[in-house]
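Values below: every heavy atom of this structure, side chains too, minus hydrogens, waters and symmetry copies.
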Amino acid sequence: MVAVCMYLHVHQPYRLGRFTFFDIGTGKSYWDDIKNREIFDRVVRKSYWPTTKLLLELVKETNSAFRVAFSITGVALEQLKNYPEVLSNFHKLIDLGCEILDETYYHSLAFLFSKREFREQVKMHREIVMDLFGVKPRVFRNTELVYSNEIAKEAEKMGYKGILAEGHEKILGWRSPCFVYRAKDCNIRVLLRHYRLSDDISFRFSLHTWDEFPLTANKFAAWVNTHNGAGEIVNLFMDFETFGEHQWPETGIFEFLKHLPKEILKHPDNEFVTPYDAIRRFPDRGEIDVPFIISWADTERDLTAWMGNKMQEYALRKLYELEERVLKTGDKNIIEDWRKLQISDHFYFMCTKWFADGDVHKYFNPYDTPYDAFINFMNVLEDLKRRIEEVESRKVTREKAIKFLSDVKDGEEFYCCDGSVYRNLRDLANALKTMSDAVFAYHVNATKNDFANWIALCIGDTHLAEKISNIKDKKLMRKIILERIRELKKLI
């Protein structure tokens with residue numbers, strides 16, 4: 001007998017809007033909400049809605065003999081909340097025996113840079129799946145099927161019983177992907193993608209130059225049947241958008257899907273299973289050792305789609321270097337933007353590779369060139385750094401608050417041109433109340449701001465100094481200083 005495990009992946013990123021050097025520090029939003037909504041509307045119309053509707057019909061027609069599995073990234077689930085009819089279809093599929101898997105919330109490469117961030121994103125995904133569907137996934141799927149021994153061990157630590165990986169010869173050698181394996185040095189089970197049969201649907205289905213064109217459901221079922229006696233499971237893993245978006249309705253992809261379950265189930269020894277079913281039903285047929293990183297992307301099955309050039313490496317390194325500072329801000333908006341910037345698509349858009357399947361790098365790509373993608377991303381990252389610095393400058397310890405409100409050291413007093421001497425912020429605030437316009441203009445004009453310089457250099461409150469550095473109004477400056485004094489007093 002042979003069991004067919006069909007798994008479909010749902011993901012659409014938040015794309016960055018055009019963000020130039022001159023936008024840094026202006027408060028402009030990073031995200032192109034209009035384009036993101038336009039693309040999501042299109043994918044829902046062409047793929048998510050018709051495909052979920054058809055899958056439901058097929059599951060019901062076969063009394064759940066036909067079942068599928070899927071995972072939906074957290075960012076896709078956020079956007080799907082605007083399409084309750086599609087979410088409802090996914091919910092109905094789960095109720096009828098289909099399975100949903102866990103992954104990283106932001107479709108990120110976090111495991112490669114921060115185990116802590118990886119675990120947090122998986123936890124976030126588990127929580128949103130529980131919130132929306134009321135289930136706790138037991139099988140894990142990492143971003144782009146990125147897999148290694150280390151990743152498998154981490155998934156097992158988090159409680160997962162199974163994990164998906166690419167069934168390529170570089171990790172299998174002579175062995176077949178049509179069996180369940182055990183990850184090296186742990187008990188988590190590994191389901192390996194049958195990439196040839198999966199790619200026949202997802203990439204070659206509409207390729208007129210392909211020797212097997214056109215691909216029909218009965219022809220494909222015959223290929224599956226050849227594994228009877230030579231395997232136990234055929235894992236068909238592909239993007240959900242294969243149906244209706246990557247392969248347009250005009251290609252006949254929906255007709256193919258409509259007839260596929262019936263054609264496969266014609267063979268009395270065939271059945272459909274979900275990943276967790278497969279793990280429970282089939283014994284592992286040995287250990288799979290993957291000491292390096294493998295993915296399902298491109299012909300190389302490695303990380304070069306996201307980390308194949310200096311731009312990508314630099315952008316990723318600079319992004320994750322901010323982790324500690326981002327989290328310490330405690331600012332929800334900064335943390336969320338930082339995590340959205342981890343979405344792997346941003347780095348995919350920077351890819352400079354060119355090869356037979358290179359067109360996939362252009363799909364839904366908002367940039368003309370990978371260099372535009374890099375420059376845009378780095379401008380956004382610079383703006384994020386400045387937001388972090390602003391929060392850091394506002395964060396004042398009790399000791400600093402005391403220092404900022406105390407008298408300056410001898411020799412660091414402010415000597416006003418009218419003969420007055422200021423030793424602390426209160427002295428300056430009181431003086432500004434009665435200070436003449438001429439005296440104020442002497443110290444604050446188009447070429448200098450003596451008060452801001454004194455506050456920065458002698459008092460040490462750089463945040464306040466920056467806030468008043470461009471203020472040319474005496475009353476407004478006094479108001480800002482008094483607000484800062486009240487703020488600092490609360491910390492003492």
Test item: side-chain donor near acceptor, [X] and [Y], under 3.5 Å:
{"X": "S108", "Y": "Q121", "value": "yes"}
{"X": "H11", "Y": "E103", "value": "no"}
{"X": "D239", "Y": "T242", "value": "no"}
{"X": "E78", "Y": "Y105", "value": "yes"}

Short question: side chain of [X], backbone of [Y] - any donor-acceptor pair under 3.5 Å?
{"X": "H107", "Y": "D345", "answer": "no"}
{"X": "N235", "Y": "L192", "answer": "yes"}
{"X": "N142", "Y": "Y147", "answer": "no"}
{"X": "N379", "Y": "N376", "answer": "no"}
{"X": "S469", "Y": "E466", "answer": "yes"}
{"X": "S148", "Y": "V290", "answer": "no"}
{"X": "N309", "Y": "Q312", "answer": "yes"}
{"X": "T274", "Y": "E99", "answer": "no"}
{"X": "E413", "Y": "G411", "answer": "yes"}

Charged tip of [X] within 45° of [Y] ring normal and under 6.0 Å:
{"X": "K448", "Y": "Y442", "answer": "yes"}
{"X": "K28", "Y": "Y30", "answer": "no"}
{"X": "R141", "Y": "F237", "answer": "no"}
{"X": "R138", "Y": "Y276", "answer": "yes"}

_Tell me if the centroids of the rings in F414 and F451 come within less than 6.0 Å of each other._
yes
Please report whether the ring centroid of F377 lies less than 6.0 Å from that of Y367. no
Do [X] and [Y] sit within salt-bridge range, that is, some charged N less than 4.0 Å from a carboxylate O?
{"X": "K385", "Y": "E389", "result": "no"}
{"X": "R37", "Y": "D41", "result": "yes"}
{"X": "E156", "Y": "K153", "result": "no"}
{"X": "R116", "Y": "E324", "result": "yes"}
{"X": "R126", "Y": "D102", "result": "yes"}
{"X": "D372", "Y": "R18", "result": "no"}
{"X": "K170", "Y": "D302", "result": "no"}
{"X": "E245", "Y": "R42", "result": "yes"}

With F240 as partner, the option from F90, Y7, W49 fulfilling ring pair (Phe, Tyr, Trp, His ring centres under 6.0 Å) is F90
Check: [Y] and [X] side chains under 4.5 Å, non-hydrogen atoms:
{"X": "M307", "Y": "I293", "answer": "no"}
{"X": "Q342", "Y": "T104", "answer": "no"}
{"X": "R339", "Y": "M124", "answer": "yes"}
{"X": "R423", "Y": "V421", "answer": "yes"}

Answer yes or no: does atom [atom1] of [X] have more than 12 heavy-atom neighbours from other residues, nucleotides or ligands under 6.0 Å?
{"X": "K35", "atom1": "NZ", "answer": "no"}
{"X": "I492", "atom1": "CD1", "answer": "yes"}
{"X": "K161", "atom1": "NZ", "answer": "no"}
{"X": "K479", "atom1": "NZ", "answer": "no"}
{"X": "F292", "atom1": "CZ", "answer": "yes"}
{"X": "K472", "atom1": "NZ", "answer": "yes"}

Hits for ring pair (Phe, Tyr, Trp, His ring centres under 6.0 Å) against Y320, two or more places apart or cross-chain, chain-then-number order -> F113
Residues passing the ring pair (Phe, Tyr, Trp, His ring centres under 6.0 Å) test with W296, sequence neighbours excluded, are none
Tested for side-chain hydrogen bond (donor to acceptor under 3.5 Å, both in side chains) against Y48, the lone hit among E241, E85, K53 is E241
For E392, the salt bridge (charged side-chain N to carboxylate O under 4.0 Å, His left out) test, sequence neighbours excluded, returns R325
